[in-house]
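Okay, handing you the structure first.
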Protein chains: 2
Amino acid sequence: MVVQYDGTDFAGWQIQPGRPTIQGRLTEVLGRIDGGPVTIDGSGRTDAGVHALGQVASSHTDKPMALDELQRALNGHLPAAIRVMQLEEVEERFHARRNARLKHYRYQIFLGAVVSPFIHRYVWHSPRPLDLAGMNEGARLLTGEHDFASFACGAERAGSTIRRIESAHWSVEGELVSFTIAGDGFLRSMVRRLSSGLYALGRGKLELRDFADLLDRPRPNNLTPSLPARGLTLMKVDY
Amino acid sequence: MVVQYDGTDFAGWQIQPGRPTIQGRLTEVLGRIDGGPVTIDGSGRTDAGVHALGQVASSHTDKPMALDELQRALNGHLPAAIRVMQLEEVEERFHARRNARLKHYRYQIFLGAVVSPFIHRYVWHSPRPLDLAGMNEGARLLTGEHDFASFACGAERAGSTIRRIESAHWSVEGELVSFTIAGDGFLRSMVRRLSSGLYALGRGKLELRDFADLLDRPRPNNLTPSLPARGLTLMKVDY
């Protein structure tokens with residue numbers, strides 16, 4: 001299933017007892033339709049407040065049910081802030097996380113003086129001039145395979161911090177500046193920490209060589225700051 | 001001031017004791033800044049749940065204060081769902097309602113199967129085929145001066161129900177159908193009742209000649225139905 005959500009009022013994707021999460025709501029609703037406990041696997045977690053235009057999740061059911069009927073039933077019981085946009089039958093061994101090939105994220109910064117009520121949930125507001133060209137010089141350094149330990153939140157006690165980035169780019173449309181990045185996977189809060197580092201470049205608070213150094217000589221405990229969750233959206237996942 | 005608001009969580013524009021309204025919040029916040037009771041006049045009321053991209057309001061203050069400072073103070077105290085987008089000094093006799101020349105409204109209907117969480121507050125969902133050409137035939141009948149008593153909600157006990165419509169048109173973009181209408185003024189819920197009548201045309205539930213008849217022979221007590229508030233937005237006001 002392809003899932004969209006406005007993450008503002010949720011404690012993130014991952015199921016947590018007693019807290020509103022996307023995976024929690026989906027599991028509860030699918031379980032009710034299926035008539036028994038179900039497991040839903042997402043392509044990956046998104047943090048509290050992060051949005052999705054194209055999160056992908058997979059599950060297994062033995063219950064024979066037409067796909068459009070199941071989709072209607074799911075959306076009929078889910079809050080309006082979570083929507084199953086597409087539903088497809090896949091082969092038994094498909095797994096939304098393990099088979100994910102490429103994930104696309106977007107981070108939005110609004111530069112204008114006043115944030116419209118119609119976008120304020122989806123942007124971080126920073127009404128200060130930014131050197132986009134400098135930020136794109138930094139973004140270009142990200143492509144290829146790197147150890148992103150400097151941009152991890154420290155939660156990865158074990159496991160590799162090496163990831164492959166396929167593309168990373170800042171663009172501007174009016175007063176809205178967007179960072180789009182695609183890669184085979186991301187460490188927890190990595191996109192927001194990379195955005196933060198590149199934002200520091202754009203504000204002249206960090207030199208390009210120092211940003212490059214964070215990539216070339218990864219420092220796991222050098223906790224880089226992170227930008228707020230509201231600006232981040234998981235755009236799509238390729239398989 | 002030009003004001004934007006997401007009307008979802010408000011009981012409309014007009015101040016009402018004990019209920020969250022746009023005028024109420026603005027009056028409260030401006031009064032706190034001004035240090036005394038203030039009056040805020042809007043270009044017109046919007047109903048509960050109706051949004052605005054360009055509501056205009058005027059007020060008077062004797063307190064000398066830089067406009068950008070005042071705007072920052074207002075936005076600093078208002079909820080994020082209400083924003084003062086522009087602030088201008090006007091001549092003493094200016095009045096947001098009395099001087100309004102033309103108001104522009106938009107009504108949005110979403111035709112797709114599933115409403116994205118990112119637009120669900122701003123559209124009415126009706127996943128049924130619509131005859132847009134037929135709806136535009138009806139819309140064309142609206143321009144010029146007419147007695148819109150058939151499209152009033154019955155609240156106008158006194159006063160004229162004659163209004164002049166400058167333009168009215170349906171357009172489509174993907175699965176989103178929008179009705180834009182501009183006129184010198186609108187009766188309460190008139191745009192939603194006109195949208196409803198034209199929607200009935202588009203669904204083949206009403207004949208063009210019957211729609212025309214509602215305009216030609218106004219029937220004040222012939223309460224036409226109204227479409228839900230969520231799809232309606234006050235786009236701008238011309239002076």
Side-chain angles (χ1 to χ4, degrees), chain A residues 1-10 20 22 25-26 46 49-55 66-87 106 108 110 112-125 127 174-175 228 230 233-236, chain B residues 1-10 20 22 25-26 46 49-55 66-87 106 108 110 112-125 127 174-175 228 230 233-236:
Chain A
M1 58 179 98
V2 177
V3 186
Q4 289 194 359
Y5 44 87
D6 176 332
T8 310
D9 300 324
F10 294 94
I22 322 296
R25 286 292 161 88
L26 281 168
T46 53
V50 173
H51 318 289
L53 275 171
Q55 170 68 290
L67 282 174
D68 57 347
E69 193 189 331
L70 177 56
Q71 188 181 3
R72 256 198 310 276
L74 285 165
N75 286 328
H77 290 92
L78 286 166
I82 307 176
R83 274 293 168 269
V84 177
M85 304 304 288
Q86 271 178 260
L87 200 57
R106 178 188 68 193
Q108 294 192 131
F110 185 72
V114 185
V115 186
S116 161
F118 302 96
I119 63 165
H120 87 273
R121 291 161 169 257
Y122 315 121
V123 300
W124 175 53
H125 187 207
E175 293 173 310
R230 60 192 314 119
T233 304
L234 172 57
M235 300 301 284
K236 66 171 179 158
Chain B
M1 58 180 100
V2 177
V3 186
Q4 289 195 358
Y5 45 87
D6 176 333
T8 308
D9 301 324
F10 294 94
I22 322 296
R25 286 292 161 87
L26 281 167
T46 53
V50 173
H51 317 288
L53 274 171
Q55 170 68 290
L67 281 173
D68 58 345
E69 194 189 331
L70 177 55
Q71 187 181 5
R72 256 198 310 275
L74 284 165
N75 286 328
H77 290 93
L78 287 166
I82 306 176
R83 274 291 168 274
V84 176
M85 304 304 289
Q86 272 179 258
L87 200 57
R106 179 188 67 193
Q108 294 193 130
F110 185 73
V114 184
V115 186
S116 160
F118 301 98
I119 64 164
H120 89 273
R121 290 160 169 257
Y122 316 119
V123 300
W124 176 52
H125 187 207
E175 295 173 310
R230 61 193 312 119
T233 303
L234 172 57
M235 300 301 285
K236 66 171 176 157

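Quick note on labels: first sequence line is chain A, next is B, and so on, each numbered from 1. Computed over heavy atoms, backbone and side chain alike; hydrogens, waters and symmetry mates excluded.
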> Is there side-chain contact between A:Thr233 and A:Gln108, with heavy atoms separated by less than 4.5 Å?
Replying inline: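 No, side chains not in contact.
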
> So which of A:Gln71, A:Arg72, A:Met85 has the biggest tally of heavy-atom pairs under 4.5 Å with chain B?
Replying inline: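 Sorted descending by pairs with chain B, the first entry is A:Met85.
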
> Taking all atoms of both residues into account, what is the closest heavy-atom pair of A:His125 and A:Phe110, and its distance?
Replying inline: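 Where A:His125 meets A:Phe110 most closely, the heavy atoms are CD2-O, 3.3 Å.
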
> Any side-chain heavy atom of B:Val84 within less than 4.5 Å of one from B:Leu70?
Replying inline: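 No. Closest side-chain heavy atoms not under 4.5 Å.
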
> Among B:Arg121, B:Gln86, B:His51, who wins on heavy-atom pairs under 4.5 Å with chain A?
Replying inline: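 Counting heavy-atom pairs under 4.5 Å, the top option is B:Arg121.
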
> Do A:Ile82 and A:Val3 come close enough that some side-chain heavy atom pair is under 4.5 Å?
Replying inline: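 Counting from C-beta outward, A:Ile82 and A:Val3 do come under 4.5 Å.
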
>> So for A:Asn75, is it side chain, backbone, both, or neither that comes closer than 4.5 Å to the heavy atoms of chain B?
In response: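 When you check distances to chain B, only side chain atoms of A:Asn75 fall under 4.5 Å.
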
>> Using heavy-atom distances under 4.5 Å, tell me whether B:Phe118 contacts chain A through its side chain, its backbone, both, or neither.
In response: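 Both backbone and side chain.
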
> Any side-chain heavy-atom pair from A:Pro20 and A:Arg25 closer than 4.5 angstrom?
Replying inline: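 SC-SC contact between A:Pro20 and A:Arg25 confirmed.
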
>> Counting heavy-atom pairs closer than 4.5 Å to chain A, which one of B:Gly112, B:Ala113, B:Pro79, B:Ala81 comes out on top?
In response: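 Between B:Gly112, B:Ala113, B:Pro79, B:Ala81, the count favours B:Ala81.
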
